[in-house]
There are 2 protein chains.
Amino acid sequence: MALSRRAIVEAGLGILDAYGLGDLSMRRVADVLGVQAGALYYHVPNKQSLLAALGDEILSEVSDPRPDEPVADWLVEWAATLRKVLLARRDAAELVASSLALGLGAVDPAASGRERLTMEGVEQPEATMAALLHFVLGHVVEEQTRAQMHSLGVLADFDAAGSEASFGWGLGLIVRGVKQTVPTTP
Amino acid sequence: MALSRRAIVEAGLGILDAYGLGDLSMRRVADVLGVQAGALYYHVPNKQSLLAALGDEILSEVSDPRPDEPVADWLVEWAATLRKVLLARRDAAELVASSLALGLGAVDPAASGRERLTMEGVEQPEATMAALLHFVLGHVVEEQTRAQMHSLGVLADFDAAGSEASFGWGLGLIVRGVKQTVPTTP
DNA sequence: ACCTGAACACCGTTCAAGT
DNA sequence: ACCTGAACACCGTTCAAGT
């Protein structure tokens, strides 16, 4: 099988799932593909861009809620879906958070939300979605880190249900705040 | 000057300010102190704990707002102070965010806020402060990254005023949400 | 065009040996 | 007790040389 950008991304995802972000090195990706590390640089400019590509791959699994949902419900569903997608893959939240912070990555998970808020006449759609996104990423990074530490035996008990409840509460807080600036909704 | 934990932390802060988190290596800290890298491990168990100590040092500069402020104002002031402290030091937001996510670090920046919310009879003080903290950290990490990219000439324009306004908006969103669960306040 | 081999300039951490 | 010297097992990235 000839080396390609696609194969590199796929190998990266495999290592991410199996060993985590900390063990995802260019040399390891090359090993999996049976190739020298330097060969990767013919298809990918550097490690950061590979990580951004992995982030895009993960974020592409996020599907938008149905557009006929009321805005508040739409936002809650969007956040829950994003959380689920991130939790599904090892260290995905950390990977996506840093990729987005660096402005790399072609997929903008908040884009459809901004559109929806604009349609709805909500003020500051950009700042609103940024706040929501920061909350989701921060929460899931912590959630995922704690879950992993628990599975490694470092952390004694991890309350998954409590963590989800906490997510729901924070989400409700923000969405309640948004609701007060929606012109049409009661 | 004899090597000590204090001296190591101070050297670490110096490197953080001068070269940033990416260039903060144990070997570099040792160089600054005129010592072999291995010597550090007599005073500090590993790099992560040193980073946690640096995070604690930074967070210790956060002062609580006056207790006679109304809760909503108290929260806004707290978040603004935390943001200012993080912005004051290079890569501080990223450092603190990862240190907190890993559960290292002795300083809990949300502790006083949880107390205040509990006093006030607000529901879910833990989840509320977690949401607020995640928002602040996420926002400032992005802010600090963009500011740095701008100063490096990678990012064309960085709107500092817009960034602050966006922070204020997101903060207001969350605090408005909290207000609705405060029993006493109108 | 695409990959190898080998190098460059680094890492964090450990540990026998010295003082 | 505290530090050196040297090693171990890695990194990301570059680049002449081969095919």
Side-chain angles (χ1 to χ4, degrees), chain A residues 1-16 18-55 90-91 94-95 98-99 101-105 145 148-149 152 154, chain B residues 1-16 18-55 90-91 94-95 98-99 101-105 145 148-149 152 154:
Chain A
M1 183 184 60
L3 197 54
S4 67
R5 189 187 154 86
R6 193 84 272 282
I8 292 170
V9 168
E10 228 115 76
L13 286 173
I15 292 169
L16 189 66
Y19 305 99
L21 189 57
D23 286 343
L24 176 48
S25 68
M26 296 300 271
R27 292 176 121 101
R28 212 186 240 265
V29 171
D31 276 357
V32 166
L33 295 167
V35 95
Q36 289 295 114
L40 302 179
Y41 291 84
Y42 204 88
H43 304 272
V44 155
N46 50 45
K47 188 182 179 183
Q48 272 196 343
S49 83
L50 171 55
L51 293 180
L54 298 182
R90 170 116 83 129
D91 295 335
E94 196 186 331
L95 173 62
S98 82
S99 172
L102 289 169
L104 307 169
T145 306
Q148 194 170 327
M149 279 168 47
L152 288 172
V154 186
Chain B
M1 184 183 62
L3 198 55
S4 67
R5 190 186 152 86
R6 193 83 276 277
I8 292 169
V9 168
E10 227 114 76
L13 286 173
I15 292 168
L16 188 67
Y19 305 99
L21 190 58
D23 286 343
L24 177 48
S25 69
M26 295 301 271
R27 293 178 121 101
R28 211 185 241 264
V29 172
D31 276 356
V32 166
L33 295 168
V35 97
Q36 289 297 113
L40 301 179
Y41 291 84
Y42 202 87
H43 304 272
V44 155
N46 50 46
K47 187 184 180 181
Q48 272 196 345
S49 83
L50 171 55
L51 293 180
L54 298 182
R90 173 117 82 130
D91 295 337
E94 196 185 331
L95 173 63
S98 82
S99 172
L102 290 168
L104 307 169
T145 306
Q148 195 171 326
M149 278 167 49
L152 289 172
V154 185

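Chain letters run A, B, ... following the sequence lines, proteins first and then strands; every chain starts at 1.
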Between C/dA9 and D/dC10, how far apart are the P atoms? Round to whole Å, please. 22 Å
Could you name each residue pair satisfying salt bridge (charged side-chain N to carboxylate O under 4.0 Å, His left out) that touches residues 4-15 of chain B, not counting sequence neighbours? B/R6-B/E10, B/R6-B/E57
Looking at B/H43, does any N or O in its side chain come under 4.0 Å of the phosphate oxygens OP1/OP2 on D/dC3? yes
Value in whole Å for how far the P atom of C/dC3 lies from OH of A/Y42: 8 Å
Scan the side chains in residues 30-45 of chain B for donor-acceptor partners under 3.5 Å anywhere in the protein, sequence neighbours excluded, and list what turns up.
none

Shortest non-hydrogen pair, B/S99 vs B/A52, comes out as OG-CA, 3.5 Å
Protein-to-nucleotide contact annotation, 5' to 3' order, nucleotides 5-19 of chain D [B base; S sugar-phosphate only; - none; under 4.0 Å, heavy atom]: B-B---BBBB-----
Secondary-structure stems, DNA chain D, at least 3 Watson-Crick or G-U base pairs under 3.5 Å: C:4-8 with D:12-16, C:12-16 with D:4-8
Tell me every residue that passes side chain to side chain donor-acceptor pair (under 3.5 Å) with A/Q48, counting only those two or more places apart in sequence or in another chain. none
Considering only heavy atoms from C-beta outward, does the side chain of A/L51 approach that of A/L104 to under 4.5 Å? no
B/L24 side chain near B/L54 side chain, heavy-atom distance below 4.5 Å: yes
Could I get the full list of side chain to side chain contact (heavy atoms under 4.5 Å, CB included) partners for B/T145, not counting sequence neighbours? A/A101, A/L102, B/V141, B/M149
What heavy-atom pair brings A/L95 and A/G55 nearest, and what distance separates the two atoms? CD2-N, 4.1 Å
